[in-house]
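Numbered from 1 within each chain, the chains take letters A, B, ... in sequence-line order. The shown structure was predicted, so the numbers you read here are calculated from the model rather than taken from an experiment.
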There are 2 protein chains.
Amino acid sequence: MARELIEDSEAFITEVCWHYYVNEMTQAEVARLMDVTRLRVNQAIQRARQLGMVKIQIESPFTTRIEMQESLKSTLGIDRAVVTPANRDAYDYHQPTGAALAALLTERLRAGGWSSFGVSWGLTLDAAIARLTKQNHPDLEVVSILGGTAQGSSFNSFGIASGFARALGAHYSILTAPIYLSEGLDRDLFLSQFALREHFQKFDNLDAVLLTCSNVSNKSFLVSHGLPNELTPASLIEQGAIGDVLGQFLDKDGNSVSKAVDDRAVGMLLEKVQRVPEKIMAAAGPHKVEIIRAACKRGLVDTLVTDDVTAELLMSAELSDAPPTAK
Amino acid sequence: MARELIEDSEAFITEVCWHYYVNEMTQAEVARLMDVTRLRVNQAIQRARQLGMVKIQIESPFTTRIEMQESLKSTLGIDRAVVTPANRDAYDYHQPTGAALAALLTERLRAGGWSSFGVSWGLTLDAAIARLTKQNHPDLEVVSILGGTAQGSSFNSFGIASGFARALGAHYSILTAPIYLSEGLDRDLFLSQFALREHFQKFDNLDAVLLTCSNVSNKSFLVSHGLPNELTPASLIEQGAIGDVLGQFLDKDGNSVSKAVDDRAVGMLLEKVQRVPEKIMAAAGPHKVEIIRAACKRGLVDTLVTDDVTAELLMSAELSDAPPTAK
DNA sequence: CCGCAATTCATGCATTTGTAAACTGATTCA
DNA sequence: TGAATCAGTTTACAAATGCATGAATTGCGG
């Protein structure tokens with residue numbers, strides 16, 4: 001049962017957090033000072049964390065796992081790898097990967113030179129938004145490069161682009177379309193609508209893209225919620241698909257599997273992605289190992305943000321699977 | 001037992017903090033995962049906090065104490081007041097005041113429009129630096145507006161200006177001079193040195209200044225360590241001094257007390273400070289109530305950053321002390 | 001090889017934190 | 001009126017944390 005309206009005002013939560021985090025008082029002390037129950041203080045702090053009101057930042061997040069990053073770079077043939085330490089017991093890849101992506105993005109934006117970048121969507125990007133601290137890039141535009149699903153979750157197309165834009169103090173441009181066209185609808189005709197045509201033109205001038213990927217299983221939100229009824233996971237697997245990038249399915253060598261499906265995907269085509277100057281993929285989880293590898297082979301990745309669990313698998317899988325070739 | 005040399009390197013501390021803060025593991029879990037003692041993990045986290053590697057930011061620090069801020073504004077006749085909740089038991093005003101100043105500064109810089117600002121020095125500004133997250137303002141210059149003391153602490157003139165510049169990604173310019181000239185040394189002659197003359201010219205174009213103040217007691221670092229031998233606190237008090245701003249002493253109405261002393265202070269003159277577009281004073285503590293009030297009367301303050309303890313005293317003192325006049 | 005000094009480790013314990021269950025007191029509604 | 005509902009408090013307790021203590025280990029000079 002959804003019980004809402006336990007309305008502790010933002011001011012109350014803020015003051016509690018201030019005492020707790022800045023003044024380093026105990027929860028009991030805060031409770032006594034503010035004349036409330038300790039329970040309320042405890043809840044307020046948890047709410048604040050949940051709402052992302054307190055942002056905990058670790059300076060220099062890239063100094064760990066350096067050796068891994070180096071070997072991962074050469075193994076996958078990419079320009080840069082960021083490997084974060086994951087929690088192996090309560091394994092959740094979204095949070096650490098998102099946090100690392102947020103830090104990386106902040107650093108890249110600080111370096112300057114970007115006037116727009118594209119974003120897909122997913123839980124990893126949602127986690128990154130929650131970790132971003134407020135910034136100000138009035139001349140930056142966040143461009144959605146993938147249609148959305150009917151379920152309007154926060155990690156859906158609209159929420160991701162606007163979330164990045166809000167945190168970064170930037171503009172955004174949304175792809176107001178479903179991720180897959182109905183069967184039989186002509187792609188070119190559909191995309192010729194004025195609003196979409198204008199949006200698609202932005203794809204040609206992106207300075208960077210933030211990509212994610214997923215495998216073909218019900219762990220993938222796209223597969224479990226976004227696929228049209230006629231497209232079954234089984235049929236995709238039959239064609240050799242091991243996962244998707246931007247709704248377009250690849251086999252284990254990074255080749256497109258089905259032109260029929262790709263043509264129905266509303267978003268940036270992979271051919272166009274390959275021409276973007278900076279391609280950052282954030283993806284982690286054992287089930288994504290193969291599709292990450294495929295995306296790298298396809299040349300869709302300059303920088304990979306992942307965790308150590310996935311990194312290890314990526315390297316061992318690569319070794320056991322691929323024949324020894326000249327690099 | 002595998003006995004490896006576990007250095008307390010930055011990488012180690014970073015990874016511990018990553019697990020603890022991002023992955024929300026317990027210290028014991030982190031210890032087990034990384035194969036070290038729990039004590040080491042505990043110490044690493046404390047070290048990280050102490051070193052300022054983990055920055056905890058609270059999103060909206062200005063929403064608390066709103067009523068107080070409003071009444072403080074009208075009581076003191078200033079444009080803006082930021083009142084932070086202090087820890088009344090283990091009373092330390094530097095941390096919360098510094099944290100609030102850091103947040104305010106970040107916001108003002110995000111708004112844009114500053115090309116340089118002046119800083120004095122002191123523990124409050126040191127605390128603000130520790131709270132600042134890394135930013136990038138390549139066209140910004142931090143200008144030291146007060147000479148330093150012989151003791152080269154981190155909160156001394158050099159450390160403060162360079163600290164702000166490092167955190168903000170800005171340039172800085174140092175006032176390489178003692179805070180007080182030797183007795184008898186001609187001010188104009190001394191300041192005519194090329195390096196100093198150039199520096200002093202920057203005072204004319206500052207967009208803002210970050211000021212502090214102190215009373216006349218050994219709580220004041222300036223008084224206890226920076227005063228020339230011939231200048232005793234007693235003699236200053238005798239002349240009616242209740243505290244200083246930039247090494248220049250004021251009486252309770254904000255009038256300069258001793259031209260002789262002021263002339264020996266190497267820094268921005270208060271007359272010049274009054275012409276700066278944005279004057280931000282960060283000061284808290286019961287012993288600073290009178291000098292804060294005096295500084296406001298003198299017109300040295302547009303924005304006051306303080307804590308609730310001091311704010312209350314400021315308002316009650318104002319009421320009890322001043323004759324009832326028309327607002 | 002021994003013993004001394006300096007670390008580092010294991011252990012124990014008091015405090016703090018997170019969470020569930022029982023309680024209270026007001027409000028609603030049959 | 002009195003049971004049901006609900007918001008919030010109190011109580012209780014297990015887990016996590018911070019810290020101190022003595023034991024064990026290491027380095028090193030004699």
For A:N42, give me all partners under side chain to side chain contact (heavy atoms under 4.5 Å, CB included), at least two apart in sequence or on another chain. A:Q27, A:Q46
Please enumerate all residues that pass side chain to side chain contact (heavy atoms under 4.5 Å, CB included) together with A:I280, with sequence neighbours excluded. A:L101, A:L104, A:W114, A:L210, A:E278, A:T303, A:V305
Without swapping roles, check the side chain of A:T37 against the backbone of A:R40 for a donor-acceptor pair under 3.5 Å. no
Test of understanding: with side chain to side chain contact (heavy atoms under 4.5 Å, CB included), list the residues that count as partners of A:R110, not counting sequence neighbours. A:T106, B:K134, B:N136
Report the distance from atom CZ of B:R32 to atom P of C:dA10, rounded to the nearest whole Å. 15 Å
Applying side chain to side chain donor-acceptor pair (under 3.5 Å), can you list everything that pairs with A:D307, at least two apart in sequence or on another chain? A:Y91, A:T310
Mind calculating the distance between CD (B:Q43) and C1' (C:dT7) to the nearest angstrom? 11 Å
For A:S214, side chain to side chain contact (heavy atoms under 4.5 Å, CB included) partners two or more places apart: A:S220, A:D244, A:K288
Please classify the nucleic acid contact of B:T37 as base, sugar-phosphate, or nothing, using heavy-atom distances under 4.0 Å. sugar-phosphate
Counting only heavy atoms not in A:E67 (residues, nucleotides, ligands), do more than 12 fall under 6.0 Å from its CD? yes
In whole angstroms, the gap separating C1' of D:dT9 from CE of A:M34 amounts to 17 Å
Residues at least two apart in sequence or cross-chain that pass side chain to side chain donor-acceptor pair (under 3.5 Å) with B:S217, listed by chain then number, are B:N215
What residues, two or more places apart in sequence or in another chain, satisfy salt bridge (Lys or Arg N to Asp or Glu O under 4.0 Å) together with A:R166? none
For nucleotides 17-24 of chain D, read 5' to 3', which letter fits each nucleotide if B means a protein heavy atom sits under 4.0 Å from the base, S means only the sugar-phosphate is that close, and - means neither? BBB-----
Can you name the residues that form a ring-ring contact (aromatic ring centres under 6.0 Å, His included) with A:H287, not counting sequence neighbours? A:Y93
Quick test: give all pairs of protein nitrogen or oxygen and nucleotides 23-27 of chain C nitrogen or oxygen below 3.5 Å, distance rounded to 0.1 Å.
none

Given atom CD of B:E24 and atom P of C:dG18, what is their separation to the nearest angstrom? 10 Å
Quick one: list whatever passes salt bridge (Lys or Arg N to Asp or Glu O under 4.0 Å) with B:E70, sequence neighbours left out. B:K73
What stem regions, each of at least 3 consecutive Watson-Crick or G-U pairs below 3.5 Å, can be found for DNA chain C? C:1-30 with D:1-30
Nearest-Å distance, CZ (B:R40) to P (C:dT11)? 17 Å
